[in-house]
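Keep in mind that this is a model prediction, so the values were computed, not measured. Numbered from 1 within each chain, the chains take letters A, B, ... in sequence-line order.
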Amino acid sequence: MIRLRRTVLFLLGITPFIYIGQAIVRLQLGEWEVLGPEPGKAVVWFTGTWAFNFLLLTLAVTPLRRLLKQPWLLQHRRMLGLFAFFYATLHLLSYFAFLLEWRFAELGAETIKRPYLLLGMTAWLLLLPLAVTSTRGWQRRLKQGWKRLHKLIYPLSVLVAVHYLLQIRSSWFEPVLYAALVLCLLLLRWRKATVTKHADGHNS
Amino acid sequence: MIIKPHNPSDPLASEITPHSLYLKRRQFIGQTAALALAVSALPVQAIQTRDNPARAGKPWLREQIGSARETVFGEDEVLTPYSSVTQYNNFYEFGTGKDDPYRYASKLNTDPWSVTVDGECEVKGTFSLEDLLKGQQLEERIYRLRCVEAWSMVIPWIGFPLADLIKRFKPLTSAKYIEFITLEDKKQMPGQRSAFSTIDWPYREGLRMDEAMHPLTLMAVGLYGEVLPNQNGAPLRLVVPWKYGFKSIKSIVAIRFRETMPRTTWNDIAPNEYGFYANVNPQVDHPRWSQASERRLPSGLFKPNRIATRLFNGYDEVASLYSGMDLHKYY
C-alpha cells in the first residue's frame, strides 16, 4: 500500500516537470509561442510556483496528520520535501541560465542590490542541507541533531514567503495567500509546541 | 531525419510579416479586404480567418486606417510578430496576467466611443471618435516600445500626432499639463472588479504640454495595418515612444488641460518605482531590477535576445525637452 501511494505521489510530483519539459522541447523545435514571448521568465515563474507549492505541502503534513488522525501521512513528507528542493533548484538554475545567461558578475551585483534575490538564494542554501540529509542514514547519524537541523524549514519558509511578497506589483492576491498559508502552518506548530512543551516532543 | 534546432532568438520566417509584403501593405490590405468581401457572403462560422473580433472594427475606421500614409519611422527595425503584440499585454483593467487582456478584452465595446475634453482650453465638450478622426490623415510609424519591466517590442502603429488633436481644442496659455483617463466600467473590465488590486480606478496618465506637443507623440487607432485590438487600447490610445510603456495610456475617454501636474496611476501606487516622467533611462534602475538592458520580444530561452537600453529609448530628439533637469531625480 505504501509503495503504491509513493508511486502515485511521485507521478503527481513529477507532472509539472514533465509539463515544463515538453514545453521547452517544443519551444526548441520551433513552436516559439508555447510559453509566450518571454519563455525564460515563464519557466522561472513556473518552477518557483511549484517549489512553493511543494514547500507548503511539506509543511502541511504534520498538522494534517494530526487533524485527520492519519499517521501514514508522515511516510510521504520526505518525498514532498525533496520535490520542493527539486523545483527550487530548477527555479534557481533557470534564473541563472535563462534570465542571467550565467553572467555571475551581474549576479553578485544584483543580489546585493535586490533583497528579494538575496532572500530567495538564502532560502535555497538553507534547503540544500535538508535535502542532503534526508536519507535514513543521515537521520541515524545525526540523531537529535537531525530534528534540530530540519527545523530550518520554518525560517526558510518565511524567507520564501517574503521573497514572493517583495515582488508584488498591482495584485497582491497570490503572494499574500501564500504568505498567509505559511503563517497558518507555522502558527499550528507554535501552538502545538507550547501545548506539548513538556510532553514527548515527538512531533516536529 | 535531421532535426535542426531552431535558434530561439532568431524569429522564424513565419513569425514576421515579410518586409517586402509589409512595404506593399496597401496592396496587401486591399487584397485582404477583397478577400474579406468575397467571403462575407459565407456563413459566419466559415470565416475563421480573423482570430480576434477586435480586428474587425467599423468600416469607416478600417477605411481610414487602410489609407494611412507610410513614413520612414523605424524602417530598419525588425517588427515584433503580430501575435506577441496582441497577446502579451499589460492592461490591468482586464487582469494582471499578460494573457488576460487578450482573453477578456473582447468584452469591451468600443462603438460608440466618445472622449470628453475639458479644463484649460477654449473648445470643450464630448466628441465621438468619428468626430475626432474626421479629416485626419493617419500615418504609420514603427516605434520601439520599452516596458518598465525590461522587455521591449517594435510595433507598427497607425495614428496621428497628438499635437494635431490638441490644436483643435485651443488650449489656453495656462495649460501646462495634459491629463488622460481610461474607461472605468466594471461590467466590461473584469480586472476592475478585483478586490486585490492596488489600483485606484480609473487609470490616469499625464504629460507636460511640451511633451504632448512633441512631433513623436502619437495618438494611435491601429497597428499592423488594422484597427487597434481592444487589448492594445482600442479605440484610441497614446503612444509616447521615449517613455516606459505605462505612460502610453489605453482606451482614452477623457482629456483634460491643466495648470498643475496631474496624478498618474503608477506614480500613485509606488512613487519610488514609477515617476511622472518615466523616461526610458538605462542609468536609473527600477528598485527591483536594472534598466541597463532589455529583452527584445520574442525572446528565446537560451539566447534571450538581450540588447542594451538607450537613453530616451533611442529617440535622442526629445533630449532638449529635459535639458537642465536631473533625470535621476525626475525619473
- Of B:Arg295, B:Arg306, B:Lys98, B:Glu273, the largest count of non-hydrogen pairs under 4.5 angstrom with chain A goes to B:Arg306

- So does A:Arg148 have more than 12 non-hydrogen atoms from other groups sitting under 6.0 Å from CZ? no

- Task: May I ask you to decide if the ring planes of B:Phe196 and A:Trp172 are parallel, tilted or perpendicular, using 30° and 60° as cut-offs?
- Result: perpendicular

- Item | Interface moiety of B:Arg288 toward chain A, non-hydrogen atoms closer than 4.5 Å | both

- Query: From B:Ser293 OG over to A:Glu101 CD, what is the distance, rounded to the nearest 0.5 angstrom?
  - Reply: 8.5 Å

- Query: At what distance, to the nearest 0.5 angstrom, does CD1 of A:Ile168 lie from OG1 of B:Thr198?
  - Reply: 8.5 Å

- Is it the backbone or the side chain of B:Ser290 that comes under 4.5 Å from a heavy atom of chain A, or both, or neither? both

- Going by residue number, which parts of residues 145-154 of chain B are within reach of chain A, meaning a heavy-atom gap below 4.5 Å? B:Val148, B:Glu149, B:Trp151

- Task: Please flag which part of A:Val43 lies under 4.5 Å from any non-hydrogen atom of chain B: side chain, backbone, both or neither.
- Result: side chain

- Message: Counting only non-hydrogen atoms closer than 4.5 Å, does A:Tyr116 touch chain B with its backbone (N, CA, C, O), its side chain (CB onward), both, or neither?
- Response: side chain

- Message: Within this structure, what is the CG-CH2 distance for the pair A:Leu117 and B:Trp289, rounded to the nearest 0.5 Å?
- Response: 11.5 Å

- A:Trp32 and B:Pro81, any side-chain heavy atoms less than 4.5 Å apart: yes

- Task: Under 4.5 Å heavy-atom distance to chain B, tell me which part of A:Glu33 shows up: side chain, backbone, both or neither.
- Result: side chain

- Note on the structure: Output for pair (A:Ile24 CD1, B:Leu301 CG), nearest 0.5 Å, gives 5.5 Å

- Quick one: are A:Lys41 and B:Pro304 in side-chain contact, heavy atoms under 4.5 Å? no

- Task: Indicate the atoms forming the closest heavy-atom contact of A:Pro39 with B:Ser299, along with that distance.
- Result: CD-O, 3.0 Å

- Task: Heavy-atom distances under 4.5 Å only: say whether B:Ala195 touches chain A with side chain, backbone, both or neither.
- Result: backbone

- Per-residue contact mode, A:Leu166 against chain B (heavy atom under 4.5 angstrom): backbone

- Segment of B:Asp99 engaging chain A (4.5 angstrom heavy-atom cut-off): neither

